[in-house]
Number of protein chains: 2
Amino acid sequence: MRRKRIRNWENRLREEGYKITSPRKTILSVFEQLGGHPNAREVFNDLSLRSPDIGLTTIYRTLELCVRLGILKKYDFGDGHSRYEIANEKTDHHHHIICEKCSKVIEYRDFLDEETMLIKKIQNKLERKYHFKIKQHALDFYGLCKECIDEKQGSE
Amino acid sequence: MRRKRIRNWENRLREEGYKITSPRKTILSVFEQLGGHPNAREVFNDLSLRSPDIGLTTIYRTLELCVRLGILKKYDFGDGHSRYEIANEKTDHHHHIICEKCSKVIEYRDFLDEETMLIKKIQNKLERKYHFKIKQHALDFYGLCKECIDEKQGSE
DNA sequence: ATGATAATGAAAACCATTTTCATTTAAAGG
DNA sequence: CCTTTAAATGAAAATGGTTTTCATTATCAT
Ligand SMILES: [Mn+2]
Ligand SMILES: [Mn+2]
Ligand SMILES: [Zn+2]
Ligand SMILES: [Zn+2]
């Protein structure tokens, strides 16, 4: 009964007529194992020992393909690198708290009920008022993480 | 009594020891007159007739300087160009609705009361839970604008 | 296995932004 | 005004993330 959707991204690729290649398996394994929000180069570095034969180009291509197919989500947290994370089921919607100093990212998914409902309400209001079809939203908080606050204290 | 803070950005520059130069005046005038969220090249193009002698480099430098001094706000809406808008008084906090197809941006500032309060509440919760000092937030909605929805219909 | 076609990697191109550096300009003091 | 001097400017080059090109390789339906 268990393990049913292990590597369901393989099916996604097949559905769309893409091939299941060795580089793609390797690159996706990074996301399955490490988690987090790595950028292209971080994936590349992570693979440099295990699979030094995979080019950075292929990593970029695979990441973009996976975003297009909904296998990965792409974020821009403002540090000049696109970042990616694996997209799980419907249940995994979450928001981010980003440190403006060191770029650390914390996820939070324990929304208050009122939070979820209010976002829906706002979304409906906006769709009607501005004739937009809203597909997604991002509620991100920016500030300083504990470490960066402490650092700042020390240096004053 | 009126016109008191016209060009209060000049004072901001002076306060910090920067010079009031002709390129800076011209670049800021674009924001005062046009509004919107132009990127560096759009400012450059807008000035190309009026002031063809201002280099793109200077525009980049002026925009970044103004962001540092709080005269402009900088946004990244995910289309690969940093965008800027003039920062007015406290009262002008607003959120954005962005078309993923044509990059059109709509601002909305008519927040529901519950909206404002809830954001504060969430922020407090997150600060305590994750030991962050939160400085700002962004609640952005992404989707398709009316024109891009219609276009899509037409081509099917 | 074979062949058609998609995927890959290296290198070059792209493109927004930043840096360098020689020249010009703002503004303070005379 | 005139001089002085550090800051600001513009052109060109550099940077750095990402994309494109193209010759080679690998996948997978047959
Ligand atoms: Mn995340
Ligand atoms: Mn705005
Ligand atoms: Zn930090
Ligand atoms: Zn649109």
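Below, each value reflects all heavy atoms present in this structure, side chains not excepted, and no hydrogens, waters or symmetry copies. Being a predicted model, the structure only gives us computed values, none of them experimental.
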For A/K146, is the NZ atom crowded, meaning more than 12 foreign heavy atoms sit under 6.0 Å from it?
no
Whole-Å gap separating C1' (D/dA8) and CZ (B/R68):
13 Å
Pair B/H81-B/H37, side-chain donor/acceptor within less than 3.5 Å
no
Counting distance only, does the side-chain N/O of B/R12 pair as donor-acceptor with the main-chain N or O of B/L69 below 3.5 Å?
yes
Can you tell me how far P of C/dT25 sits from CD1 of B/I54, to the nearest Å?
13 Å
May I have the distance from B/D76 (atom CG) to C/dT17 (atom C1'), rounded to whole angstrom?
13 Å
Does a donor on one side chain sit under 3.5 Å from an acceptor on the other, for A/Y84 and A/E42?
no
Listed pairs, N/O of protein and of nucleotides 16-20 of chain D, under 3.5 Å:
residue : atom : partner : partner atom : Å
D/dT18  : OP1  : A/S82   : N            : 3.0
D/dT18  : OP1  : A/S82   : OG           : 3.3
D/dT18  : OP2  : A/Y60   : OH           : 2.5
D/dT18  : O5'  : A/Y60   : OH           : 3.4

Tell me if a side-chain donor or acceptor on A/E127 pairs with a main-chain N or O of A/I134 at a distance below 3.5 Å.
yes
Atom pair distance, as rounded to whole Å: CD in A/E16 and P in C/dA7
12 Å
Round to the nearest Å and state the distance from B/L63 atom CG to C/dA16 atom P.
15 Å
Per-nt protein contacts along nucleotides 25-30 of chain D (heavy atom under 4.0 Å; B base, S backbone sugar-phosphate only, - none) come out as --BS--
Which atoms form the tightest heavy-atom contact between B/H95 and B/L139, and what is the distance?
CB-O, 3.2 Å
With under 30° as parallel and over 60° as perpendicular, where do the rings of B/H137 and A/F141 fit, or are they tilted in between?
tilted
Send over the distance from B/F44 CZ to D/dT9 P, rounded to a whole Å.
15 Å
In whole angstroms, how far is the C1' atom of C/dA10 from the CG atom of A/D53?
14 Å
Between B/E64 and B/R68, does any NZ, NE, NH1 or NH2 come within less than 4.0 Å of an OD or OE carboxylate oxygen?
no
Spacing between B/R83 atom CZ and C/dA16 atom P, to the nearest angstrom
11 Å
